[in-house]
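Sequence lines set the chain letters: A, B, ... in the order given, protein chains first and strands last, and positions in each chain run from 1.
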Number of protein chains: 2
Amino acid sequence: MDANKENSRQKILDVAIQLFSKSGFSNVSIREIAAAAGIKSASLYYHFPNKQSIYLAVIEHSFSNKAAVFTEVLGADKTALERLELFIYKFTEIMSKDENFRRLLHREMLDGDEERLKYMADKVFKEQCIAIGQLMKEVSPECDPHMMTISISSLIIHHLETAPIRKYLPDYKPEHDQPDYIARHVYELLTKAIIK
Amino acid sequence: MDANKENSRQKILDVAIQLFSKSGFSNVSIREIAAAAGIKSASLYYHFPNKQSIYLAVIEHSFSNKAAVFTEVLGADKTALERLELFIYKFTEIMSKDENFRRLLHREMLDGDEERLKYMADKVFKEQCIAIGQLMKEVSPECDPHMMTISISSLIIHHLETAPIRKYLPDYKPEHDQPDYIARHVYELLTKAIIK
DNA sequence: GTCTATATATGGATAGAC
DNA sequence: GTCTATCCATATATAGAC
């Protein structure tokens with residue numbers, strides 16, 4: 001039946017995102033994906049023409065709908081500074097939960113070709129970047145919106161992404177891994193100068 | 001002669017760091033490394049027992065001597081704030097020049113096992129983290145030294161590392177890629193609150 | 001130290017039955 | 001839609017000559 005076709009396709013994508021996120025494109029075999037999806041590798045070729053197309057479907061599926069999440073927060077009926085705070089907390093929370101997305105993003109930054117990077121820029125980031133840039137100019141008119149936007153996302157993503165190594169670094173405390181702690185740190189870093 | 005042995009070994013490491021940095025461990029073949037080093041793949045096994053050992057040698061070679069570079073800057077006879085500024089500019093400049101190191105680091109964060117992450121923490125970062133943490137407490141006694149240290153390095157590394165995609169993002173200007181511009185942005189972000 | 005030749009394994013992909 | 005069987009390319013690694 002038709003339901004099986006969609007079921008299998010979805011199952012393949014579900015296991016593939018996990019595997020690709022964990023190990024990267026070339027460290028995941030067709031056989032591995034098929035086994036995790038509960039079918040034989042030949043059957044997988046009924047749903048996708050080749051390995052590359054699975055990966056691209058994973059990227060597209062994983063990156064779509066990310067842009068829309070923050071539109072609400074960034075357009076809320078609050079002061080600019082309140083919206084900034086809200087965005088930082090929301091962004092940290094969402095990024096903290098979606099490790100697959102974070103790692104795929106990370107991998108694409110290293111190995112994505114020009115076409116894929118442009119796709120990500122246009123379809124995943126552009127809309128939010130404009131909104132955050134706008135917000136930053138409201139908060140601080142003379143700032144560089146491009147640099148500030150990158151800085152904010154960098155701070156949040158990097159604190160989350162460095163968790164595996166930070167625990168071996170000086171002054172580490174378990175609460176450093178908690179989304180709210182990270183969000184607070186980032187918000188205060190932006191709004192309070194370290195010198196009085 | 002003995003010189004040839006060391007020459008070949010060094011040549012292999014030199015080409016291997018470039019290839020591993022560019023494509024990652026599993027996307028580089030022994031044949032590729034051998035060809036780039038000007039020998040046949042069988043000859044490569046005279047110098048290294050297997051592919052993994054080449055990679056580990058590359059990591060060790062590439063990551064050693066990184067820790068010492070900043071000791072001078074961080075120990076300079078200046079005010080804490082001046083040392084912070086000096087460190088940020090120096091760190092940005094060095095990271096900007098050594099793309100191989102940056103990308104290997106990036107890859108290790110994704111794929112490094114516990115042992116390699118611990119090695120990196122101890123041998124590459126620990127010493128500097130302590131120095132920067134100390135410096136930050138001098139500049140701002142009530143700050144969280146662990147979070148501040150990660151934040152500073154994140155900001156710098158991420159601005160450099162996102163260069164390939166930033167050019168497709170809103171408000172991008174070519175000077176955003178220049179080390180001095182990035183360093184200035186980071187220093188001002190830390191020292192000037194975005195709200196007055 | 002470097003070579004040629006080759007053993008051996010694994011992975012992507014296809015053919016054709018059910 | 002999924003299977004079994006198989007082709008073919010590529011990769012790591014070894015054997016043994018020079």
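Within the structure, ring pair (Phe, Tyr, Trp, His ring centres under 6.0 Å) pairs that include any residue of residues 130-154 of chain B comprise Y172(A)-H146(B), H176(A)-H146(B) (at least two apart or interchain). Listed by first and then second residue, the salt bridge (charged side-chain N to carboxylate O under 4.0 Å, His left out) pairs involving residues 7-28 of chain B amount to none (not counting sequence neighbours).
Helix bend of the helix from dG1(C)-dC18(D) to dC18(C)-dG1(D): the angle between its two end axes, each built from five pairs, comes to 0° after rounding to 10°.
In this structure K167(B) satisfies the side-chain hydrogen bond (donor to acceptor under 3.5 Å, both in side chains) test with no other residue, sequence neighbours excluded. Not a single salt bridge (charged side-chain N to carboxylate O under 4.0 Å, His left out) links E60(A) to another residue, sequence neighbours left out. Listed by chain and number, the residues in a ring-ring contact (aromatic ring centres under 6.0 Å, His included) with Y55(B) are F20(B), F25(B) (sequence neighbours excluded). Listed by chain and residue number, R107(A) satisfy the salt bridge (charged side-chain N to carboxylate O under 4.0 Å, His left out) test with D111(B) (two or more places apart in sequence, or in another chain).
We find that CZ of F48(A) is positioned 12 Å from P of dT2(D), with the value rounded to whole Å. As rounded to whole Å, 16 Å separates atom C1' of dT2(D) from atom CD of E6(A). Separating the CG atom of L44(B) from the P atom of dA11(D) is a distance of 14 Å, rounded to the nearest angstrom. Computed from coordinates, the K11(B) NZ to dT2(C) P distance equals 12 Å when rounded to whole Å.
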Compile the donor-acceptor pairs under 3.5 Å between side chains in residues 74-84 of chain A and protein atoms, sequence neighbours left out, one pair per line.
| unit_1 | atom_1 | unit_2 | atom_2 | d |
| --- | --- | --- | --- | --- |
| T79(A) | OG1 | E82(A) | N | 3.1 |
| T79(A) | OG1 | E82(A) | OE1 | 3.3 |
| E82(A) | OE1 | T79(A) | N | 3.1 |
| R83(A) | NE | K78(A) | O | 3.2 |
| R83(A) | NH2 | E138(A) | OE1 | 3.1 |

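Distances shorter than 4.0 Å separate none of the side-chain N or O atoms of Y46(A) from OP1 or OP2 on dT2(D).
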Classify every nucleotide of nucleotides 4-17 of chain C by which part a protein heavy atom approaches to under 4.0 Å, writing B for the base, S for the sugar-phosphate alone and - for neither, in 5'-to-3' order.
-> B------BBBBB--
Between K118(B) and E114(B), is a salt bridge (charged side-chain N to carboxylate O under 4.0 Å, His left out) present by the stated rule, with each step listed?
-> CA-CA 6 Å; K118(B) 194 158 175 18; E114(B) 283 298 301; over 6 Å; no
